[in-house]
Amino acid sequence: MRSPEPASGGWRRAARRGGRAAGWLLGLAALALVAQQAWARRAQWQPLWQRLDAADIALALALCLAMQLAFGLAWHLFAHGRWVRAQAYADLLRWGQSLPAKYLPGKIWQGVARSALYAGERRAALTFVLFVREQLLSLGIGAAIAALVAPAALSPRAGLALQFALLAFAVAVSAAALWRRVPAVVAARLPAALAGWNEGLPARAVLARVWLLQWLAYAAMCAAFAVLVRGFGLELDLARSSAALCLAGLAGVLAVLVPAGLGVREAGLFWCLAPLVGAGNAAMLALAWRLAITAGEAAFAAASFALGALRRR
């Protein structure tokens, strides 16, 4: 006969389910608000769609795929501590196969999926720690780009304060990602999932290559968004559009329970761009970018699953 489940376990599961539901609701509500803004001002942006041609769409999607490729290669170096030609292809496939987990409420699921894909090669805890380090390093780059230009919606003083805060955040999370060994007292208090924090960090020369590849990934992402902006015939300089894109991305990441930052990123991008291109155009750009980035992730993930199935035959 099964023993009764502790009440605390039931509460934790209920809280997790409630948090996931809240994440979906928050994301969908934010997305609906941006969509409502776009629909209410459709006369402003509908003529712009006639300017966007197939070449613009193809180039934006190609750059989104290039972004995933650069991130995947950076992960390969993280996973093995060096370039291993025989493992690079498999690591790229695993990177792509873990992408759909971003769309589950709670960013932890992508790390869980990545750990499961390497279960036969190393302890899950070590893969998860490398995933966390990878994400922290990526967040640092995103925050540094977001700090380039203050959002036009803020006053000059508030904008400058935000830029300094973003730079401080970039330095802090980058330092945390590269922190080679935490003291034993701190290590003993880490959660079980981070128990392998002091293991497996690549050499500094390898980390420099990882960092460079992640910068290339962000450059491809910002270029893809710039292609859409120019394709619609809107005037927006690259530094400002890149800063807005990365700031919106940070908001999506920090909204932990919202799957893939759905809605939160769009709301952030709308807030940053509305004073520059108009509310209708900003809402349309935010939704168009969501379509582009999701299409790129879906294509990369689908190819990874298909090629992985062929590889196992």
Side-chain angles (χ1 to χ4, degrees), residues 17-54 56-57 60-61 64 99-100 102-107 142 145-146 149-155 158-159 162 221-222 224-237 240-299:
R17 286 195 297 267
R20 291 169 192 156
W24 274 110
L25 289 174
L26 175 62
L28 293 174
L31 188 63
L33 287 174
V34 175
Q36 187 274 332
Q37 290 290 325
W39 178 253
R41 295 170 171 82
R42 57 191 181 278
Q44 184 181 32
W45 55 263
Q46 279 179 338
L48 302 183
W49 278 89
Q50 299 174 8
R51 302 176 59 108
L52 190 70
D53 58 29
D56 295 321
I57 297 172
L61 289 176
C64 287
L99 275 176
K102 290 174 61 177
Y103 290 86
L104 295 172
K107 304 299 188 291
I145 296 173
V149 182
L154 295 177
S155 67
L162 177 63
M221 180 182 72
C222 294
F225 185 61
V227 166
L228 286 181
V229 172
R230 292 301 176 91
F232 285 122
L234 296 170
E235 293 295 329
L236 193 61
D237 67 83
R240 191 171 288 278
S241 67
S242 299
L245 186 65
C246 290
L247 183 60
L250 284 174
V253 172
L254 295 177
V256 177
L257 293 177
V258 180
L262 183 68
V264 177
R265 293 187 181 213
E266 287 70 46
L269 199 52
F270 170 79
W271 178 74
C272 289
L273 298 182
L276 303 171
V277 298
N281 289 337
M284 178 272 294
L285 274 174
L287 296 174
W289 176 246
R290 170 58 69 179
L291 290 174
I293 191 68
T294 301
E297 289 177 344

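Not measured: the values here are computed from a predicted model. Just so you know, these numbers use all the heavy atoms, side chains as well, and skip hydrogens, waters and symmetry mates.
For the side chain to side chain contact (heavy atoms under 4.5 Å, CB included) test, residues two or more places apart in sequence or in another chain that qualify with P100 are A301, F305. Shown here are the side chain to side chain contact (heavy atoms under 4.5 Å, CB included) partners of A292, two or more places apart in sequence or in another chain: L228, W289. Every side chain to side chain donor-acceptor pair (under 3.5 Å) that E297 has, sequence neighbours left out, goes to K102, Y103. Taking V149 as the reference, A239, R240, A243 meet the side chain to side chain contact (heavy atoms under 4.5 Å, CB included) condition, with sequence neighbours excluded. L33 meets the side chain to side chain contact (heavy atoms under 4.5 Å, CB included) test with no other residue; sequence neighbours excluded. For F270, the ring-ring contact (aromatic ring centres under 6.0 Å, His included) criterion is met by no residue, not counting sequence neighbours.
For the pair L236 and S241, the tightest heavy-atom approach, listed with the atom from each and the gap, is CD2-CB, 3.7 Å. What you find for C64 and G296 is that their closest heavy atoms are CB-CA, 4.2 Å. Closest non-hydrogen pair, A286 versus V34, comes out as CB-CG1, 4.2 Å. Residues A60 and A224 approach most closely at O-CB, 3.6 Å, considering heavy atoms. Heavy atoms only, all atoms of each residue included: F225 and L285 are closest at CE1-O, 4.3 Å. Minimum interatomic distance between A255 and V264 (heavy atoms only, all atoms of both residues): CB-CG2, 4.0 Å.
Between the CD atom of E235 and the CG atom of L276 there is a distance of 12.5 Å, given to the nearest 0.5 Å. Atom-to-atom distance recorded for L52:CG and R230:CZ is 14.0 Å, nearest 0.5 angstrom. Interatomic distance, L61 CG to D56 CG, rounded to the nearest 0.5 Å: 11.0 Å.
Screening residues 29-38 for salt bridge (Lys or Arg N to Asp or Glu O under 4.0 Å), with sequence neighbours left out, gives no hits. The salt bridge (Lys or Arg N to Asp or Glu O under 4.0 Å) pairs that include a residue from residues 283-295 are E266-R290, where partners are two or more places apart or lie in different chains. Among residues at least two apart or in separate chains, side chain to side chain donor-acceptor pair (under 3.5 Å) pairs with a member in residues 29-52 are Q37-R41. Within the structure, salt bridge (Lys or Arg N to Asp or Glu O under 4.0 Å) contacts touching residues 245-264 (residues at least two apart or in different chains) do not occur. Listed by first and then second residue, the salt bridge (Lys or Arg N to Asp or Glu O under 4.0 Å) pairs involving residues 29-38 amount to none (not counting sequence neighbours).
The only member of L162, I145, L269 that meets side-chain contact (heavy atoms from CB on, under 4.5 Å) when paired with L247 is L162.
Proximity of P275 to P151: side-chain heavy atoms (C-beta onward) are nowhere separated by under 4.5 Å.
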Next item on the list: For L287 and L31, run side chain to side chain contact (heavy atoms under 4.5 Å, CB included): C-alpha distance rounded to whole Å, both residues' side-chain angles, the deciding distance at 0.1 Å, then the answer.
Entry: CA-CA 8 Å; L287 296 174; L31 188 63; 3.8 Å; yes
